[in-house]
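Report on one structure; see the data block that follows.
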Amino acid sequence: METNSHAEFGAKSLTTEFRKYAHAETLLIRKAFTLTFDERAEGVKVVLLSTCGTAVAIAELSKHSDRFYADAVVLARAFIETVINFIYLQICDQSEYDKYKAHTVQKAYRKLDRKVVVGGIKIGIKFSGASEFLNKPEVKAALDEFTSDRGREKTRWTDLSIKQLLEIISSRASIDIRPLMLSTLDIYEDASETLHGTLYGATYRTWAYEPTIDRTNPYEVEAYTQKKVSLLF
């Protein structure tokens, strides 16, 4: 793909080139999806395919970065975590791979019978045939694996942190993890703030508290926004 070699960092034209490149890469992944992968990758290649939709959504949001930059960052967190999971699943112990698959089973069936109690108020959602499905041996085994000794749901598929996943990837695969490390460093914190509805999460997209730019200068604000979007890509 041809790129504009004269586009400056902070220029909207450079962001456009990155957006085009992202679309091109998703097309390559979609084409690869028609092939037969190695055993483990074949079993979870839908995970890799899911990143294509996320990438396209980020690219579309970036067209209106003045309004949707923070939303793109939230999706970028999901994107990078999915990529790390997919890589890790190719080199992890079999028990971890099996847990990843079992987590999907228990999550799908656990949602058939849900309730929440706050104070004296109880709200529940239950599928009429839930008990029939939940008593299946394979489902019960998956549910048991992701239920703590206190009867609470284990919400994460692995006990390992993202940092620990990256450490294992680095030790077992010939992959340079520094781009993945940089992505988690630049994306995770901001995405978490947005997801948790903090004041920082609600305002960083406006750069209202950004100390490195003149926030009264619309040209400087726009250039800074385009730099952030380029780095996101």
Side-chain angles (χ1 to χ4, degrees), residues 1-4 7-33 45-88 156 161-163 165-166 175-233:
M1 183 186 69
E2 295 184 359
T3 59
N4 182 359
E8 296 182 356
F9 187 46
K12 198 167 186 178
S13 56
L14 182 62
T15 307
T16 300
E17 294 298 330
F18 276 118
R19 184 184 304 113
K20 291 178 181 178
Y21 190 74
H23 277 295
E25 286 193 313
T26 60
L27 290 175
L28 292 175
I29 294 295
R30 289 182 184 277
K31 180 64 176 178
F33 192 76
K45 68 180 183 181
V46 66
V47 176
L48 185 61
L49 181 65
S50 73
T51 64
C52 295
T54 308
V56 170
I58 292 170
E60 290 301 304
L61 289 172
S62 74
K63 293 179 180 179
H64 308 282
S65 52
D66 57 325
R67 289 181 289 165
F68 301 126
Y69 171 75
D71 304 281
V73 171
V74 169
L75 288 177
R77 172 170 175 161
F79 178 92
I80 190 63
E81 189 161 342
T82 303
V83 169
I84 291 172
N85 283 344
F86 182 81
I87 297 171
Y88 173 70
R156 299 186 69 248
S161 65
I162 289 294
K163 181 180 178 181
L165 295 182
L166 289 174
I175 292 176
D176 184 356
I177 65 169
R178 286 175 294 184
L180 298 174
M181 292 172 62
L182 180 60
S183 294
T184 58
L185 183 67
D186 189 48
I187 292 169
Y188 259 62
E189 189 171 353
D190 284 352
S192 294
E193 295 290 338
T194 299
L195 287 167
H196 294 309
T198 66
L199 178 60
Y200 175 86
T203 59
Y204 77 82
R205 71 190 78 191
T206 69
W207 321 125
Y209 295 94
E210 176 55 48
T212 64
I213 62 172
D214 178 4
R215 297 181 294 274
T216 65
N217 185 330
Y219 299 103
E220 190 170 339
V221 169
E222 171 61 15
Y224 185 79
T225 300
Q226 294 306 319
K227 288 178 182 178
K228 294 291 288 185
V229 175
S230 291
L231 288 173
L232 185 64
F233 277 121

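Quick note: residue numbers are just sequence positions, from 1.
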Using every non-hydrogen atom in the two residues, find where Ala78 and Thr82 come nearest and quote the distance to one decimal.
O-OG1, 2.7 Å

A side-chain contact here means heavy atoms from C-beta on lying under 4.5 Å apart; do Leu232 and Tyr69 qualify?
yes

To the nearest 0.5 Å, tell me how far Leu185 CG sits from Leu180 CG.
12.5 Å

Measuring only between side-chain heavy atoms, which start at C-beta, is Thr26 closer than 4.5 Å to Ile29?
no

In this structure, are over 12 heavy atoms from other groups packed under 6.0 Å from Arg178 atom CZ?
no

Decide yes or no for Leu166 and Tyr88: does some side-chain heavy atom of the first lie under 4.5 Å from some side-chain heavy atom of the second?
no

Point-to-point distance, once rounded to the nearest 0.5 Å, from CG of Asn217 to CD of Glu222
11.5 Å

Below 4.5 Å, heavy atoms only, C-beta onward: do Thr225 and Asp66 meet side chain to side chain?
no

Distance in Å, Glu25 CD paired with Phe233 CZ, rounded so as to fall on 0.5 Å steps:
11.0 Å

Arg205 and Thr194: side chain donor to acceptor below 3.5 Å:
no

Would a distance-only check, ignoring hydrogens and angles, find a side-chain to backbone donor-acceptor pair under 3.5 Å from Lys45 to Phe33?
yes

Do Tyr188 and Ile162 come close enough that some side-chain heavy atom pair is under 4.5 Å?
yes

Between Gln226 and Leu14, is any pair of side-chain heavy atoms under 4.5 Å apart?
no

Closest non-hydrogen atom pair, Thr51 against Leu48
OG1-O, 2.5 Å

Any side-chain donor paired with an acceptor under 3.5 Å for Glu193 and Tyr204?
no

Show the nearest heavy-atom pair for residues Arg67 and Asp71, with the distance to one decimal.
O-OD2, 3.8 Å

Report yes or no: does Arg19 contribute a side-chain atom to a donor-acceptor pair with the main-chain N or O of Ala59 at less than 3.5 Å?
yes

Kindly give the heavy-atom pair with the smallest separation between Asp190 and Asp186, and that separation in Å.
OD2-O, 4.2 Å

To the nearest 0.5 Å, what is the distance between CZ (Arg30) and CG (Leu27)?
7.5 Å

Given side chains that start at C-beta, do those of Tyr224 and Thr212 come closer than 4.5 Å, heavy atoms only?
yes

Any side-chain heavy-atom pair from Val73 and Arg77 closer than 4.5 angstrom?
no

So CD of Glu81 and CD1 of Ile187: to nearest 0.5 Å the spacing works out to 11.5 Å

Supply the atom-to-atom distance Leu231 CG to Leu182 CG, rounded to the nearest 0.5 angstrom.
8.5 Å

Of all the heavy-atom pairs spanning Ser62 and Val229, show the shortest one and how long it is.
CB-CG1, 3.7 Å

